[in-house]
Amino acid sequence: MPELPEVEVVRAGVEHWVSGRTVDDVAVLHPRSVRRHTAGAGDFSLRLKERSFTAVRRRGKYLWLELDSGDAMLAHLGMSGQLLVQPREHAAERHQRVRIGLGPAERELRFVDQRTFGHLLIGPLVEDARGGSAGVPAVIGHIALDPLEPEFDDDVFSASLRRRRTGIKRALLDQSLISGVGNIYADEALWRARLHWARPTAGLRRPQVSDLLKHLRDVLREALSAGGTSFDSLYVNVNGESGYFERGLKAYGRAGRPCERCGAAIRREVFMNRSSYSCPGCQRAPRS
DNA sequence: CATTAAACCTGCGGGC
DNA sequence: TGCCCGCAGGTTTAAT
């Protein structure tokens with residue numbers, strides 16, 4: 001569900017509530033939510049207990065809470081994950097999976113996840129092989145820099161992109177090439193750049209890649225300013241509030257409605273077992 | 001190595 | 001009313 005803007009909204013909210021707090025209670029209510037913490041739920045809890053949160057960082061769609069132990073709690077929201085900060089006495093959400101008490105405040109951090117594609121794990125921070133100044137969780141070493149990180153290098157990205165023998169949307173969704181982009185913002189950036197999702201990456205010119213990156217950064221920042229995109233109650237910030245960028249979408253979810261640029265009806269096509277929305281008038285399909 | 005399809009889950013809305 | 005189908009913001013794993 002959540003892509004870079006939504007995860008950044010969550011990160012900022014989590015940072016506000018957990019910084020300087022000490023964990024006084026942990027409850028893992030569903031083992032699947034910590035399945036990637038290979039040492040098990042008991043070890044997960046043990047590594048959090050009595051530890052304090054020192055910072056909250058993000059790369060792409062991953063966020064992590066640094067601990068004073070040198071470890072970090074990594075979180076990925078998957079398709080339906082939420083991190084909520086609630087008063088301890090607040091009723092349990094239907095799909096509550098993990099609960100973390102924040103001492104001495106009378107609040108707790110809750111991981112709620114309907115589809116359980118998301119996960120939490122505790123692991124060590126290591127030097128960032130991709131050039132960032134801060135440490136990153138060892139298990140996300142395969143995740144590329146995201147386009148809003150200052151170290152993201154447009155030239156390196158352009159060269160990597162053109163070495164690929166695939167289509168542009170598949171490449172944008174590949175988190176080892178560029179991170180943070182999902183189905184919504186890939187379609188929105190491609191609409192803005194007037195590129196069809198199947199356009200071969202190998203044939204793109206450097207200026208086209210630059211233009212695409214500009215539009216991608218624009219749409220990500222605009223969505224962030226609007227609090228993210230919420231189609232329903234599945235994406236909310238830590239206070240349970242929806243974002244309102246849905247009104248800013250030009251292609252995603254607009255099948256049959258007129259393109260705001262040329263008036264042609266936006267089309268929906270199934271690609272990679274998911275929907276792709278584009279304008280037949282201004283995003284021409286490649287030959288073959 | 002690069003690339004792509006399948007699997008992992010729950011819930012909702014539409015058609016019959 | 002109930003059942004079946006398709007669909008949903010994603011990633012990992014396995015197969016080609």
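Predicted model only: the values in this text are computed from it and were never measured. Numbers restart at 1 for each chain; the letters A, B, ... are given by sequence-line order, proteins then strands.
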Engineer: Is A/His30 touching bases, backbone alone, or none of the nucleic acid, heavy atoms closer than 4.0 Å?
Structural biologist: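 Result for A/His30 = nothing.
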
Engineer: Phosphate oxygens OP1/OP2 of C/dT11: is one of them under 4.0 Å from a side-chain N or O of A/His76?
Structural biologist: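 Yes, such a contact exists.
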
Engineer: Measure the distance from OH on A/Tyr235 to P on B/dC12 and round it to the nearest whole Å.
Structural biologist: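 Going from OH in A/Tyr235 over to P in B/dC12 covers 21 Å.
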
Engineer: Within less than 4.0 Å of OP1 or OP2 of B/dC9, is there a side-chain N or O belonging to A/Gln114?
Structural biologist: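 No, A/Gln114 has no side-chain N/O under 4.0 Å of OP1/OP2 on B/dC9.
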
Engineer: Determine: side-chain N/O of A/Arg274 to OP1/OP2 of C/dG10, distance under 4.0 Å, yes or no.
Structural biologist: yes

Engineer: So what does A/Tyr62 hit on the nucleic acid, given a heavy-atom distance under 4.0 Å: a base, only sugar-phosphate, or nothing?
Structural biologist: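 It contacts sugar-phosphate atoms only.
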
Engineer: Side chains of A/Arg32 and A/Thr116: donor-acceptor distance under 3.5 Å anywhere?
Structural biologist: yes

Engineer: Under 4.0 Å, heavy atoms only, any strand: does A/His119 hit a base, just the sugar-phosphate, or nothing?
Structural biologist: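 Contact class for A/His119: none.
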
Engineer: Under 4.0 angstrom, heavy atoms only, what part of the nucleic acid is A/Ser275 near: base, sugar-phosphate, or nothing?
Structural biologist: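 The answer is sugar-phosphate, as A/Ser275 gets under 4.0 Å only of primed atoms, P, OP1 or OP2.
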
Engineer: With respect to the phosphate group of C/dG10, does any side-chain polar atom (N or O) of A/Lys61 fall under 4.0 Å of OP1 or OP2?
Structural biologist: yes

Engineer: What is the distance, to the nearest angstrom, from the CZ atom on A/Arg36 to the P atom on C/dG10?
Structural biologist: 16 Å

Engineer: Before we go on, tell me: are the rings of A/Tyr252 and A/Phe245 under 6.0 Å apart, centre to centre?
Structural biologist: no

Engineer: Is a donor-acceptor contact shorter than 3.5 angstrom present between the side chain of A/Arg164 and the base of B/dA2?
Structural biologist: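 It does not, because no donor-acceptor pair links the side chain of A/Arg164 to the base of B/dA2 below 3.5 Å.
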
Engineer: Nearest of C/dA8, B/dA5, C/dG10 to any side-chain atom of A/Tyr252?
Structural biologist: C/dA8

Engineer: Establish, from distance only, whether the side-chain atoms of A/Gln82 and A/Glu93 form a donor-acceptor pair under 3.5 Å.
Structural biologist: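 A/Gln82 vs A/Glu93: no donor-acceptor pair found between side chains.
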
Engineer: Within less than 4.0 Å of OP1 or OP2 of B/dG11, is there a side-chain N or O belonging to A/Arg115?
Structural biologist: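 A/Arg115 to B/dG11 OP1/OP2: no side-chain N or O under 4.0 Å.
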
Engineer: With DNA chain B as reference, determine whether A/Asn273 or A/Arg165 sits nearer its 5' end, using the nearest nucleotide of each.
Structural biologist: A/Arg165

Engineer: Would you say A/Arg163 reaches B/dA2's phosphate, i.e. side-chain N/O to OP1/OP2 under 4.0 Å?
Structural biologist: no

Engineer: Please give, in whole Å, the distance from C/dA8 P to A/Met272 CE?
Structural biologist: 13 Å

Engineer: Can you check whether A/Phe117 stacks with the B/dC8 base, using ring centres under 5.5 Å and planes within 30°?
Structural biologist: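 So yes, this residue stacks on that base, both cut-offs being met.
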
Engineer: Can you tell me the distance, in whole Å, between the CZ atom of A/Arg94 and the P atom of B/dC9?
Structural biologist: 17 Å

Engineer: Taking OP1 and OP2 of B/dG11, is either one under 4.0 Å from a side-chain nitrogen or oxygen of A/His95?
Structural biologist: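 Answer yes for this pair, as a side-chain N or O of A/His95 is under 4.0 Å from OP1 or OP2.
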
Engineer: For the pair made of CZ in A/Phe271 and P in C/dC7, what is the distance, rounded to whole Å?
Structural biologist: 16 Å

Engineer: Using the P atom as the reference point in each nucleotide, state the distance between B/dC9 and C/dT13 in Å, no decimals.
Structural biologist: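 It works out to 13 Å between them.
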
Engineer: With a 6.0 Å cut-off (strictly less than), is the heavy-atom count around CZ of A/Arg35, excluding the residue itself, greater than 12?
Structural biologist: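 Buried by this count: over 12 neighbours within 6.0 Å.
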
Engineer: Identify the residue among A/His215, A/Glu6, A/Glu3 that makes a side chain to side chain donor-acceptor pair (under 3.5 Å) with A/Tyr185.
Structural biologist: A/Glu6

Engineer: Rounded to the nearest 0.5 Å, how far does CG of A/Leu109 lie from CG of A/Leu65?
Structural biologist: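 Answer for the CG-CG pair, A/Leu65 versus A/Leu109, is 6.5 Å.
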
Engineer: Step by step, work out the side-chain hydrogen bond (donor to acceptor under 3.5 Å, both in side chains) result for A/Asp113 and A/Ser80.
Structural biologist: CA-CA 5 Å; A/Asp113 189 10; A/Ser80 57; 2.7 Å; yes

Engineer: Mapping A/Arg32 and A/Thr166 to their closest nucleotides on DNA chain B, which lands nearer the 5' end?
Structural biologist: A/Thr166

Engineer: Calculate the interatomic distance between A/Trp197 atom CH2 and B/dT4 atom P; express it in whole Å.
Structural biologist: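 Rounded to whole Å, this separation is 12 Å.
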
Engineer: Could you state the atom-to-atom distance from CG of A/Leu234 to P of C/dG10 in whole Å?
Structural biologist: 13 Å

Engineer: Flag the pair A/Leu145 / A/Ser179 as yes when at least one side-chain heavy-atom distance between them is below 4.5 Å, and no otherwise.
Structural biologist: no

Engineer: Could you state the atom-to-atom distance from CZ of A/Arg162 to P of B/dA2 in whole Å?
Structural biologist: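 One finds 18 Å between P of B/dA2 and CZ of A/Arg162, rounded.
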
Engineer: Across the strands shown, which category fits A/Phe231 at heavy-atom distances under 4.0 angstrom: base, sugar-phosphate, nothing?
Structural biologist: base

Engineer: Within the 4.0 Å heavy-atom criterion, would you say A/Arg97 contacts the bases, only the backbone, or no part of the nucleic acid?
Structural biologist: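 Counting heavy atoms under 4.0 Å across all strands, no contact is made by A/Arg97.
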
Engineer: Check whether A/Tyr62 and A/Leu77 end up in the same hydrophobic cluster, where Ile, Leu, Val, Met, Phe, Trp and Tyr are linked by side-chain heavy atoms less than 4.5 Å apart.
Structural biologist: no

Engineer: Quote, to the nearest angstrom, the P distance that separates C/dG6 from B/dA6.
Structural biologist: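 Looking at atom P only, C/dG6 and B/dA6 are 15 Å apart.
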
Engineer: Give me the stems containing DNA chain C, sorted by first residue, counting only three or more consecutive Watson-Crick or G-U pairs with both distances under 3.5 Å; say none if there aren't any.
Structural biologist: B:2-8 with C:10-16, B:10-16 with C:2-8

Engineer: Which part of the nucleic acid, if any, lies within contact of A/Arg268, taking any heavy atom under 4.0 Å across all strands shown: a base, the sugar-phosphate backbone alone, or nothing?
Structural biologist: sugar-phosphate

